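Okay, structure first, notes after.
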2 protein chains.
Amino acid sequence: MLTISELASYAGVTVRAVRHYHAKGLLPEPERDRSGYRRYDAAAAVDLIRIRTLADAGVPLARVRQLLAADEEDFARAVEEIDRRLRAEIRDRQRSRERIAKLAAGDSLALPPEAVAYLGRLRGIGVPEAMVDAERDAWILVAAQLPGRMPFYMELKEQQLADPGVRELYRDLAEVIGWGADDPRLAGVADRLAAQFEAIPASAWDEEALPADLAALLDAVFLDSVPAARRLLALLEERGWTGWTNIRPVAGSSAPTGPHDRRGSSSMV
Amino acid sequence: MLTISELASYAGVTVRAVRHYHAKGLLPEPERDRSGYRRYDAAAAVDLIRIRTLADAGVPLARVRQLLAADEEDFARAVEEIDRRLRAEIRDRQRSRERIAKLAAGDSLALPPEAVAYLGRLRGIGVPEAMVDAERDAWILVAAQLPGRMPFYMELKEQQLADPGVRELYRDLAEVIGWGADDPRLAGVADRLAAQFEAIPASAWDEEALPADLAALLDAVFLDSVPAARRLLALLEERGWTGWTNIRPVAGSSAPTGPHDRRGSSSMV
DNA sequence: TCCAACCTTGACGCTGCGTCAAGGTCAAGC
DNA sequence: GCTTGACCTTGACGCAGCGTCAAGGTTGGA
């Protein structure tokens with residue numbers, strides 16, 4: 001006959017754990033000797049090892065209890081599922097290893113050098129600081145999610161800045177940040193924006209489209225920080241353009257077909 | 001500016017988690033807008049991703065807080081340790097997969113057929129049921145730990161039973177179970193046991209020795225279930241033998257050298 | 001004006017035990 | 001017989017990392 005500590009050490013668990021399994025109904029309470037001590041037989045040791053094998057595999061104790069009472073078929077199905085989960089956890093840890101390795105490599109610098117250079121150019125053009133800050137925050141968000149595509153995006157942005165019309169628009173938009181929601185000048189800005197969207201060849205944009213969730217977030221940031229944003233988007237919609245980060249022609253609109261077939265292109269942030 | 005839910009969904013966590021990180025001091029509380037809502041900038045998003053990367057790797061939040069404030073050198077050391085742990089967890093899960101696969105294959109049958117046959121032979125020889133039960137429990141414990149060696153052990157036991165002297169001893173020992181701690185007949189049994197130990201050639205035992213912890217457990221079971229056990233072991237020690245499951249000549253004893261060099265052999269259980 | 005979808009703080013719930021607390025029991029040594 | 005140390009008993013609280021109400025205030029669009 002085994003005492004509780006013998007049983008526990010045999011299965012490599014603590015005495016507390018064995019009592020816990022009793023309390024949870026995983027392991028039946030054994031007979032007591034005359035002093036009230038629990039006395040176990042070898043079958044209890046076998047049961048305990050079974051419990052630990054399942055628990056070590058990450059099965060919750062409540063589920064272990066079910067499985068101990070399950071027939072062979074249900075048990076086999078459960079084991080298959082447990083195995084699936086274990087494989088998934090192994091993959092998760094492998095991904096975690098890669099991610100923390102990148103952290104250690106210092107990849108967490110908020111912005112890559114190309115982006116810093118681009119923001120410097122914006123300042124150089126005369127875009128006000130408030131606008132540059134908004135741009136920086138937006139690009140930080142993008143860089144955190146898609147670091148590999150940043151050189152591509154920045155190259156694209158630099159190309160856009162080569163166009164004097166675009167540079168003009170940036171200065172326009174910077175002013176819009178300070179305007180109220182009903183500023184009469186918004187209509188004029190919307191006109192010029194729409195014209196720009198028309199003028200840019202689709203070929204230069206097609207691969208730029210950001211993932212929908214990231215674009216939605218950036219849109220939300222824009223709407224939250226610029227009072228006139230909502231009104232401006234409404235005006236743009238009247239002119240045949242919907243969205244912002246990923247601006248697109250309004251579906252079914254008679255407006256801008258122009259010379260290009262544009263489906264999902266990205267605006268300015 | 002981001003709201004809390006935007007920030008959270010950006011990093012793929014819940015709003016509750018973000019607030020938890022504030023409460024734990026992992027993420028600084030941001031400014032509030034006029035209605036008391038938290039407003040985040042992009043830097044908070046970067047911080048949050050850093051936190052999640054570490055937390056996903058299994059780093060406790062309290063440790064994450066330290067690491068956020070650590071210099072590059074300490075951080076690199078920590079990452080190395082985290083990576084070690086991740087690799088260990090992957091190995092654990094691979095072992096778990098093997099173990100539950102065995103469970104599903106039904107390897108958990110308490111005793112292999114050879115052992116059942118052996119217990120049957122004991123009964124056939126006239127060993128009383130109480131003794132057979134004790135043997136069964138002991139072999140269940142061994143089989144759970146060393147399933148691969150069971151055929152070997154059982155083969156050995158069957159060979160021993162071929163000797164009429166051993167068979168006689170088993171019947172003796174079965175009676176001992178019922179004796180008091182000071183039964184006068186114990187000395188005679190000890191004599192016959194010592195003689196048997198002398199007679200068995202060392203070559204037949206040498207590889208049988210059980211791991212020390214398992215042997216200690218089986219000894220404890222013997223001591224706990226047989227009142228006369230402690231006295232019997234004392235008498236055997238007087239005759240030059242120590243232990244029980246793994247019985248050995250007493251070191252420095254003048255007693256049994258016999259024709260064989262015996263170092264660590266296993267008795268009867 | 002109303003509704004849905006946000007936001008706020010506070011508090012309890014969950015898992016799988018670890019860790020006291022406050023005792024009773026047992027074997028050994030003096 | 002008495003002490004000592006290593007066991008055993010039940011009961012209770014503590015821990016991480018949030019999930020999940022509860023009970024409100026805010027915001028934006030219809």
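The structure displayed is predicted, hence computed values, not measured ones. Just so it is clear: chains get the letters A, B, ... in the order the sequence lines come, proteins before strands, and each one is counted from 1.
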Checklist line | Partners passing side chain to side chain contact (heavy atoms under 4.5 Å, CB included) against B:Arg93 (at least two apart in sequence or in another chain) | finding: A:Leu86, A:Glu89, A:Ile90, A:Arg93, B:Glu89
Note to self: Need to verify one output field. Residue with the more 5' nearest nucleotide on DNA chain C, B:Ile4 or A:Pro60?
What the structure shows: B:Ile4
Item checked: salt bridge (charged side-chain N to carboxylate O under 4.0 Å, His left out) pairs, two or more places apart, involving residues 39-48 of chain B -> A:Asp224-B:Arg39, B:Asp33-B:Arg39
Checklist line | Rounded interatomic separation in angstrom, taking CZ from B:Arg38 and P from C:dC6 | finding: 17 Å
Notebook entry, point to check: So which of residues 13-31 of chain A are in contact with DNA chain C, with a heavy-atom cut-off of under 4.0 Å?
Noted result: A:Thr14, A:Arg16, A:Ala17, A:His20, A:Tyr21
Note to self: If you compare every side-chain N and O of B:Thr3 against the phosphate oxygens of C:dC7 (OP1, OP2), does one of them come in below 4.0 Å?
What the structure shows: yes
Item checked: Partners meeting side chain to side chain contact (heavy atoms under 4.5 Å, CB included) with B:Gln145 (sequence neighbours left out) -> A:Tyr10, B:Leu214
Item checked: N/O donor-acceptor pair under 3.5 Å between B:Asn246 side chain and B:Ala215 backbone -> no
Note to self: What's A:Arg32 touching, base or sugar-phosphate or nothing? Going by heavy atoms closer than 4.0 Å.
What the structure shows: sugar-phosphate
Next item on the list: Decide whether B:Thr245 and B:Asp219 meet the rule of one side-chain donor and one side-chain acceptor closer than 3.5 Å.
Entry: yes
Checklist line | side chain to side chain contact (heavy atoms under 4.5 Å, CB included) against B:Glu237, all qualifying residues, sequence neighbours excluded | finding: B:Thr242, B:Val250
Next item on the list: Check DNA chain C against residues 84-99 of chain B and give the residues with a non-hydrogen atom under 4.0 Å, in numerical order.
Entry: none
Margin query: Please enumerate all residues that pass ring pair (Phe, Tyr, Trp, His ring centres under 6.0 Å) together with B:His22, with sequence neighbours excluded.
Written below: B:Tyr40
Next item on the list: For nucleotides 23-30 of chain C, just jot down a letter per nucleotide in 5' to 3' order: B, S or -, based on protein non-hydrogen atoms under 4.0 Å.
Entry: -BBS-S--
Checklist line | Donor-acceptor pair, side chain of A:Glu98 and main chain of A:Arg95, under 3.5 angstrom | finding: no
Notebook entry, point to check: Does the cation-pi check pass for B:Arg50 over B:Phe75, that is, NZ or CZ under 6.0 Å from the six-membered ring centre and within 45° of its axis?
Noted result: yes
Check: Side chains of B:Gln94 and B:Arg97: donor-acceptor distance under 3.5 Å anywhere?
Finding: no
Check: Under a criterion of less than 4.0 angstrom to any heavy atom of chain B, what are the 5'-terminal and 3'-terminal contacting nucleotides of DNA chain D?
Finding: D:dG17 to D:dT27
Notebook entry, point to check: What does B:Arg52 touch in the nucleic acid at a heavy-atom separation under 4.0 angstrom: a base, only the sugar-phosphate, or nothing?
Noted result: sugar-phosphate
Next item on the list: With sequence neighbours excluded, tell me which residues meet side-chain hydrogen bond (donor to acceptor under 3.5 Å, both in side chains) with B:Arg231.
Entry: none
Next item on the list: Determine which pairs satisfy side chain to side chain donor-acceptor pair (under 3.5 Å) with at least one residue from residues 185-194 of chain B, sequence neighbours left out, and list them in order.
Entry: B:Asp172-B:Arg192, B:Asp183-B:Arg185, B:Asp191-B:Arg239
Checklist line | Those residues that, when tested against B:Ile177, pass side chain to side chain contact (heavy atoms under 4.5 Å, CB included) (two or more places apart) | finding: B:Met131, B:Val226
